[in-house]
Amino acid sequence: MSKLPYEVHSEPVTPLSVLSPEGEVVNEAYMPNLTDDQLKEIMYRMVFTRTWDERAVNLGRQGRLGFYAPVSGQEASMVGSEYALNKDDFVCPGYRDMPQIVWHGLPLYQAFLYSRGHQHGGQIPEGVHVLMPQIIIGAQILHATGVAMAFKKKGEKRVAITYTGDGGSSEGDFYEGLNFAGAFKLPVIYVVQNNGYAITTPFAKQTAAQSIAHKALAAGVRGVQVDGMDVLAVIKAVSEAAERGRNGEGATLIEMITYRFRPHSMADDTSKYRTKDEEGEWSVKDPITRFAKFLEKKGLWTDEDTARVKEEAKATVNEHIKKAEATDKMTVSGLIDSMFETTPAYLEAQKADFQ
Amino acid sequence: MAQMNMKEAIRDAMRVELKNDPNVIVFGEDVGKVGGVFRATEGLQGEFGEERVFDTPLAESAIAGMAVGMGLQGFRPVAEIQFVGFIYEALDQMFVQAARMRYRSGGRYNSPIVFRTPFGGGVKAAELHTDSLEGLAIQTPGIKVIVPSNPYDAKGLLVSAIRDNDPVFFMEHLNLYHAFRQDVPEEAYTVEIGKANIVREGADVTIIAYGLMVHTAMKAAEELEKNGVKAEVIDLRTLLPLDIETIVASIQKTNRAIVVQEAQKTSGAAAEIIAQINEYAILHLEAPVLRVTGPDTVYPYAQIEDSWLPNVDRIVKAANQVINF
Ligand SMILES: Cc1ncc(C[n+]2csc(CCOP(=O)(O)OP(=O)(O)O)c2C)c(N)n1
Ligand SMILES: [Mg+2]
């Protein structure tokens, strides 16, 4: 269908892949510049994250963890995007994005405490530049926008990165943040992990836009689409976006095409809204398998390495869940004291009801 | 009659009204195919089709604002906000645009909308899923506020709310969805908006509550009974308009009252109820009216929510305090 001159055009976009599902390099020009040790470290983190996810789901079933949003399937987009940052870049995660903030420096036992509903979970250590996962979908997008504005005003060469999902890209906060970033030319990266569903609602019902990346056009920021099951493509896209941010070239919206292998949360039944066939199609795109094939061909990784990392991850998870469980219980009076810098008299008096 | 839990009764209210009135329409996040995260709308899309029961994109302000627009065109939207904490995203549309439509158009337009949302604590949910935000709503002119405590009332009140020509904020305590079953008529019936219910009679002290706290108050009344104290328990059912007549009549008999709410202490429903008791019944009081509430903190993370929430002991203690004043 031909477009009239006074109609706005948008061209279809093809996601960036560096590797084929078989682990062959299909796009050498976009291969990120990484040493062998770095490649192995990325693999280590992805395998670790997968194992942690499996353990977390089990710990949830045993009642040892509370609220938890599974991440399997999204390791490339989560681990890869964080890996591409500097340690002093600031991360504003959505509720599923625990891996990014743990790899950015939040101690694992605090992630577990957060899940167990303990306030200390959110006491982010000095020098770790993250917020805790945001429950209100989209709110964190505006915080990242503000952090980026501050970096710009202070002349610091840092970027803010924020994450949401395909569902989150429908919220007003998403559009407002993007538009501010365009208007103020801010060093911020908006990652949308498009895993095809917002709880049960399929992407087809979420938007009529050609892609989420296209939403960048309306805001005048750069939009890109990436194969979110390909960790090298993710790293390439995020490094590039960070570089542009640091150079004063403004914001980037990155849509990562991915899939969550597990249910939305512990209380969700995927069979009610997606087919086994579809799940099967995506499981062959497993980001860990793909990257492992690539590394094996380069002689950098073996099945034994995977087994070793899994054992290490299990031991680490164990150690941290024990630490979380051994942490002193919260009290209502401690909670009362956490409301203001100094507890006002009326609130102090309310402690009496909870002795 | 059928035995239904509160969730099924709520679903049944929507079902009978979808049947009765072609203008009734149900939408929200995930409410269509799977019937919502609590399955409160399960089966409705199958029965009435996607035109009338459908999923929206993820955007609460748009859900509430679209309801306002559809209300202008003769529809009667039943819009679900998935969890109570997400009404903050929609507050302008709910509490300003819908609530002021009648006023701003001098009665030419109205907002015949029900905003349904689960709320309430005790289920170890994530942050912002379990707050009690009825206080914000009752301070808002132009929107009615309903909080049922059992399946029968829930269905009758929701049918009334759907038929009401003004906006209604309908709050469903998520700890009551599956708590117990009751006989509920299968046909449509209404429970009047703005009428409280005396769920237990007594002459010594009046305990005023709503939602889940009605049940905690009933347990406290049983405890009090063991010591010979006869408590009258009022289930408000509607917070706005408030049934002050029933409250005053009870206080004329008991001369003592306490108010129980899950919400924080300051400026909530309990504060308003006590203010009205002062206005209409002060000369009947033998003691100050006390509140049993959560403290004025953010609703806590799961680990301490059980100690934070009002419980039987605190209600009994407050009742004894007003009795021994
Ligand atoms: C403002 C707001 N509305 C609704 C919810 C409830 N909710 C939690 S997750 C979710 C779906 C999110 O989907 P998406 O953005 O695609 O992220 P994904 O779960 O796929 O990672 C919804 C509706 C919420 N947490 N916050
Ligand atoms: Mg999604």
Side-chain angles (χ1 to χ4, degrees), chain A residues 63 66-69 95 113-119 121-122 132-139 164-175 198-202 205-208 264-265 267-269 272-273 329-339 344 346-347 349-351 353-354, chain B residues 28-39 42 50 54-63 65 82-83 85-86 88-90 92-93 123-129 264-266 290-311 313-314 317-318:
Chain A
F67 171 75
Y68 179 73
Y95 65 95
L113 275 176
Y114 169 83
S115 172
R116 289 167 59 82
H118 193 299
Q119 219 175 358
M132 287 308 278
Q134 175 59 248
I135 295 295
I136 294 299
I137 292 176
T164 192
D166 41 306
S169 79
S170 295
E171 287 280 9
D173 285 357
F174 172 81
Y175 294 99
I199 311 188
T200 73
T201 305
K205 291 205 169 139
Q206 201 59 245
T207 180
H264 165 75
S265 69
D268 174 47
D269 174 4
K272 295 251 198 261
Y273 57 90
K329 287 246 176 319
M330 281 174 73
T331 61
V332 175
S333 87
L335 172 75
I336 284 176
D337 282 333
S338 72
M339 293 309 301
Y346 83 94
L347 202 45
Q350 291 183 13
K351 289 183 186 170
D353 286 335
F354 300 92
Chain B
E29 291 158 13
D30 305 292
V31 304
K33 191 165 174 191
V34 299
V37 290
F38 287 103
R39 309 288 183 257
E42 193 169 29
E50 263 200 78
F54 57 90
D55 290 333
T56 64
L58 205 179
E60 292 73 19
S61 182
I63 291 169
Q82 195 165 73
F83 282 97
F86 317 149
Y88 286 117
E89 303 294 293
D92 174 58
Q93 294 298 338
V123 295
K124 305 239 181 304
E127 194 188 355
L128 281 154
H129 286 59
Q264 291 80 352
K265 187 171 188 178
T266 298
L290 297 184
R291 282 174 280 185
V292 183
T293 71
D296 285 326
T297 69
V298 171
Y299 187 90
Y301 292 125
Q303 192 168 91
I304 52 165
E305 67 178 339
D306 291 339
S307 18
W308 189 94
L309 287 165
N311 56 26
D313 286 351
R314 287 181 54 213
K317 194 170 152 214

Original post:
Can you say whether Thr331(A) sits under 4.5 Å from chain B via the side chain, the backbone, both, or neither, judging by heavy atoms?
Top reply: backbone
Original post:
Taking the side chain as C-beta and beyond, is there a heavy-atom pair between Met339(A) and Val298(B) under 4.5 Å?
Top reply: yes
Original post:
At a heavy-atom separation under 4.5 Å, does Ile199(A) approach chain B through its side chain, its backbone, both, or neither?
Top reply: both
**OP:** Mind listing the closest non-hydrogen atom pair of Val332(A) and Pro295(B) along with its distance?
**Re:** CG1-CG, 4.1 Å
Original post:
Is it the backbone or the side chain of Glu171(A) that comes under 4.5 Å from a heavy atom of chain B, or both, or neither?
Top reply: both
**OP:** Would you check if Gln119(A) and Gln303(B) make a side-chain contact, meaning some heavy-atom pair closer than 4.5 Å?
**Re:** no
**OP:** Against chain A, work out which of Arg314(B), Lys265(B), Lys124(B), Lys317(B) has the most heavy-atom pairs shorter than 4.5 Å and name it.
**Re:** Arg314(B)
**OP:** Find the distance between CD (Gln134(A)) and CG (Leu128(B)) and round it off to the nearest 0.5 Å.
**Re:** 7.5 Å
**OP:** Decide yes or no for Tyr88(B) and Ile136(A): does some side-chain heavy atom of the first lie under 4.5 Å from some side-chain heavy atom of the second?
**Re:** no
Original post:
Within the distance-only criterion (no hydrogens, no angle test), does the side chain of Asp30(B) pair as donor or acceptor with the backbone N or O of Thr201(A) below 3.5 angstrom?
Top reply: yes
**OP:** Taking all heavy atoms of Ser170(A) and all of Ala59(B), pick out the closest pair and write down the distance.
**Re:** O-CB, 3.5 Å
**OP:** Taking all heavy atoms of Ala198(A) and all of Leu58(B), pick out the closest pair and write down the distance.
**Re:** CB-CD1, 4.3 Å
Subject >> Contacting moiety of Tyr346(A), where chain B heavy atoms sit under 4.5 Å >> reply: side chain
**OP:** Would you mind checking which part of Val37(B) comes under 4.5 Å of any heavy atom in chain A, side chain (CB onward), backbone (N, CA, C, O), both or neither?
**Re:** side chain
**OP:** Would you mind checking which part of Asp166(A) comes under 4.5 Å of any heavy atom in chain B, side chain (CB onward), backbone (N, CA, C, O), both or neither?
**Re:** neither
Subject >> Contact class of Asp55(B) relative to chain A, heavy atoms under 4.5 angstrom >> reply: side chain
**OP:** Report yes if some heavy atom in the side chain of Lys272(A) is under 4.5 Å from a heavy atom in the side chain of Arg39(B); otherwise report no.
**Re:** yes
Subject >> Which atoms of Glu89(B) approach chain A - backbone, side chain, both or neither, heavy atom under 4.5 Å >> reply: side chain
**OP:** Taking all non-hydrogen atoms of both residues into account, name the closest pair between Ile304(B) and Met330(A) and its distance.
**Re:** CG2-O, 3.2 Å
Original post:
Between Lys205(A) and Glu29(B), is there a salt bridge with N-O shorter than 4.0 Å?
Top reply: no
Subject >> Side chain, backbone, both or neither of Ser307(B) within contact of chain A (heavy atoms, under 4.5 Å) >> reply: both
Subject >> Value rounded to 0.5 Å, distance of CZ in Phe86(B) from CD1 in Ile137(A) >> reply: 6.5 Å
Subject >> Max heavy-atom pair count under 4.5 Å with chain A, selected residue of Ala125(B), Pro300(B), Ala126(B) >> reply: Ala126(B)
Original post:
Relative to chain B, which segment of Lys351(A) carries a heavy atom at a distance below 4.5 Å: side chain, backbone, both, or neither?
Top reply: neither
Original post:
Are the side chain of Glu127(B) and the backbone of Ile135(A) linked by a donor-acceptor contact shorter than 3.5 Å?
Top reply: no
**OP:** Enter the distance from Asp353(A):CG to Asp313(B):CG here, rounded to the nearest 0.5 Å.
**Re:** 12.0 Å
Subject >> Nearest heavy-atom neighbours spanning Phe354(A) and Trp308(B) >> reply: CE2-O, 3.7 Å
